[in-house]
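Notes follow the structure.
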2 protein chains.
Amino acid sequence: MIRPDINQLGAMPPFCRLDLRQLREILALSDSRHLTGGATVFDEGQPVRRFHLLMSGNIRLVRVTAEGDQIILLHIQAGQVFGIGAALGQETYHASAIAAGDCRVLSWPNALWPGFSSAYDGFAVETFRAFGARADEMSNRIVELSTQLVEQRIACALLRMIGQSGRKVAGGIEIGFPITRQNIADMTGTTLHTVSRVLSLWERDGVVKSTRCLVIVTDPHRLVVMSGAGLGTDADDPIIQAKAQALYATAAASAARKASSSSAYSAQASITV
Amino acid sequence: MIRPDINQLGAMPPFCRLDLRQLREILALSDSRHLTGGATVFDEGQPVRRFHLLMSGNIRLVRVTAEGDQIILLHIQAGQVFGIGAALGQETYHASAIAAGDCRVLSWPNALWPGFSSAYDGFAVETFRAFGARADEMSNRIVELSTQLVEQRIACALLRMIGQSGRKVAGGIEIGFPITRQNIADMTGTTLHTVSRVLSLWERDGVVKSTRCLVIVTDPHRLVVMSGAGLGTDADDPIIQAKAQALYATAAASAARKASSSSAYSAQASITV
DNA sequence: CAGCGTCGTTGTGCTGGCTCAACCTCTGGA
DNA sequence: TCCAGAGGTTGAGCCAGCACAACGACGCTG
């Protein structure tokens, strides 16, 4: 069980420049946990004692308001570090981390953070970059929430998710983790009812296909148009990139994907292959 | 002109652990600019060539949609590093930086970033922390936009601003930089009309007092109640902290503030004193 | 001091999407 | 085989806040 772990760990962005000895060292210091869907890695408000790396699966970072509204801030993909209050100077977690489907998570005590940053080449830089990407995603969310209609925001959320962990399946691109209507509502600041209505409409129009806890985008292009992103937003927007990848994947690439059917679509995730 | 600069630079969080020789070194490599209100430091989409430090004044990070809507993502205070695509692995700026009032900005070429991070004690750590605080602020914004009514969001925005750069004045706390109704609308995802109505109402009720481009909060406590934050949100929320500071500042502290009447309210800003 | 541009106020009508409500359809457990 | 509970669909009514509109006030420039 150790051998595959080492290989997997060495493929993760923060650790990809390390040698076998270092990886073994890191793994020996880590604590490993399996989680099933809905389980929490940590809760908002808890003291920050460890930092975490997602080995497989998907994690939602969630906040809950006093009124009980749940908001999904971000999705974490395999290979990403999360819960790093250690680096951010935060005493308590500012969001909860909840497994979306089955996950495997490694974690280390806070005290190791400075050592990791200084001793392991590329760790600090990669973490900073990942963080930049998250800040970007959040700023996109703010822009969407401030200016777009519900329908557009839902389109953006779907595009973002297929960009981050979409899987090619017969007839479209499937979101790579279980997701309910309520979840989509929690991402877009709307209600489960409205999401349901919109998805029903889109299904009628052949843009998506969805069953319980599963969404398949059958016409990503139309979704991009509806998202309002096609009208001049910066072209290096992750959403647009996702779209480009989804639409214009070469035959070779899609063949390769058939070979390992669970491989993810996005550039980040494909590093984990 | 160099001497005060060195002292000022040495008081900024990212550089506060450095000695005189290092500060001189850093200053010699820097480019300095004065900006008047409305001037831009950099524009969204431009290639990232330099990173920046705000010496005095306030900067808005702004994004503009294809439809022409402006969204204010964040306010940068004196002592903060910004425009750090160098660290985040971004080729172009993902937002524009616009001066809110008069500003002084130092900047350095990207190529110096790795050297700063490794050579200057505390620089990387402080930058990471500042970034964590910004991520936090953005996540708060997302929660607000997703769940709160316009009136509550405006209250939150005002509280955030007095927390970050409020100044004690006769009869209340004044926001430390010029701000229009339209600006507040750009922060809260609403329209100038709605902001105007809400502020008029609050002025009638004695919660705020405002003139052209200036807002004074006369009853922060009532504003906190209206913001909806008092109902159980995490107590270490920056908004609540700001409120606590604003409301329960000791007589000693407020005396000290009278002495240097332009000193800012927040913990971060007060480091710059 | 006239003219103009920026900023602010206030009134009116309309609508996107939320709330409330009822019902359907899976899935897993006993 | 039946039941409970989670997830999903759809209808009806209502209202917060947006769009449109018109006007007032301040401050700069020539």
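Below, read A as the first sequence line, B as the second, and so on, with proteins coming before strands; counting in each chain starts at 1.
A/Leu149 comes within 4.0 angstrom of the backbone, heavy atoms only, and of no base. Using a 4.0 Å heavy-atom cutoff across all strands shown, A/Arg181 reaches sugar-phosphate atoms only and no base atom.
Nearer the 5' end of DNA chain D, as judged by each residue's closest nucleotide, is the contact made by A/Glu203, out of B/Thr191 and A/Glu203. Along DNA chain C, the nucleotide closest to A/Thr190 and the one closest to A/His193 are compared, and the more 5′ of them pairs with A/Thr190.
Recorded end-axis angle for the helix from C/dC1-D/dG30 to C/dA30-D/dT1 stands at 40°, based on five pairs per end and rounded to 10 degrees.
Ion pairing of B/Glu44 with B/Arg63 is present here, as a side-chain N (NZ or NE/NH1/NH2) and a carboxylate O approach within less than 4.0 Å. Checked for salt-bridge contact, A/Arg160 and A/Glu144 meet the test: a charged N lies under 4.0 Å from a carboxylate O.
Rounded to an integer number of Å, the gap from CG of A/Leu192 to P of C/dC20 is 14 Å. In this structure, the CD1 atom of B/Ile184 is 8 Å from the P atom of C/dG8, given to the nearest Å. Taking atom CG of residue B/Asp186 and atom P of nucleotide C/dC7, one finds them 11 Å apart after rounding to whole Å. Rounded to whole angstrom, the span from the CD1 atom of A/Ile179 across to the C1' atom of D/dG8 amounts to 14 Å. For B/Leu145 and D/dG17, the CG to P distance is 12 Å, given to the nearest whole Å. At whole-Å resolution of the value, CG in B/Leu214 and P in C/dC7 are 14 Å apart. Rounded to whole angstrom, the span from the CD atom of B/Glu67 across to the C1' atom of D/dC18 amounts to 16 Å. With rounding to whole Å, B/Gln182 atom CD is found 13 Å from C/dT9 atom P.
Nearest to the side chain of B/Ser200, among C/dC18, C/dT10, D/dG7, sits C/dT10. Across D/dA6, D/dC18, C/dC18, the shortest atom-to-atom separation from the side chain of A/Val150 is found for C/dC18. Listed nucleotides D/dA25, C/dT9, C/dT27 differ in distance to A/Arg212; the shortest reach to its side chain belongs to C/dT27.
Applying the 3.5 Å distance criterion, the base of C/dG11 shares a donor-acceptor pair with the side chain of B/Arg197.
Annotation: ring pair (Phe, Tyr, Trp, His ring centres under 6.0 Å) contacts involving residues 155-187 of chain A, sequence neighbours excluded, comprise A/His75-A/Phe177. Within the structure, the ring pair (Phe, Tyr, Trp, His ring centres under 6.0 Å) test picks out no pair touching residues 190-216 of chain B (sequence neighbours left out).
Atom CD1 in A/Ile72 sits 8.5 Å away from atom CD in A/Gln182 (nearest 0.5 Å). One distance of note links OG of A/Ser96 with CG of A/Leu73; it measures 9.5 Å at 0.5 Å rounding.
Within the 4.0 Å cut-off from OP1 or OP2 of C/dC18, at least one side-chain nitrogen or oxygen of A/Thr194 is found. An OP1 or OP2 oxygen of D/dG7 is reached within less than 4.0 angstrom by no side-chain nitrogen or oxygen of A/Thr180.
Using a 30° and 60° split on the angle between ring planes, B/Phe42 and B/His52 fall in the tilted class, from 30° to 60°.
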Would B/Asn183 and B/Thr180 count as a side-chain hydrogen bond (donor to acceptor under 3.5 Å, both in side chains) if you check the C-alpha gap in whole Å, the side-chain angles of each, and the deciding distance to 0.1 Å? CA-CA 5 Å; B/Asn183 287 333; B/Thr180 66; 3.2 Å; yes
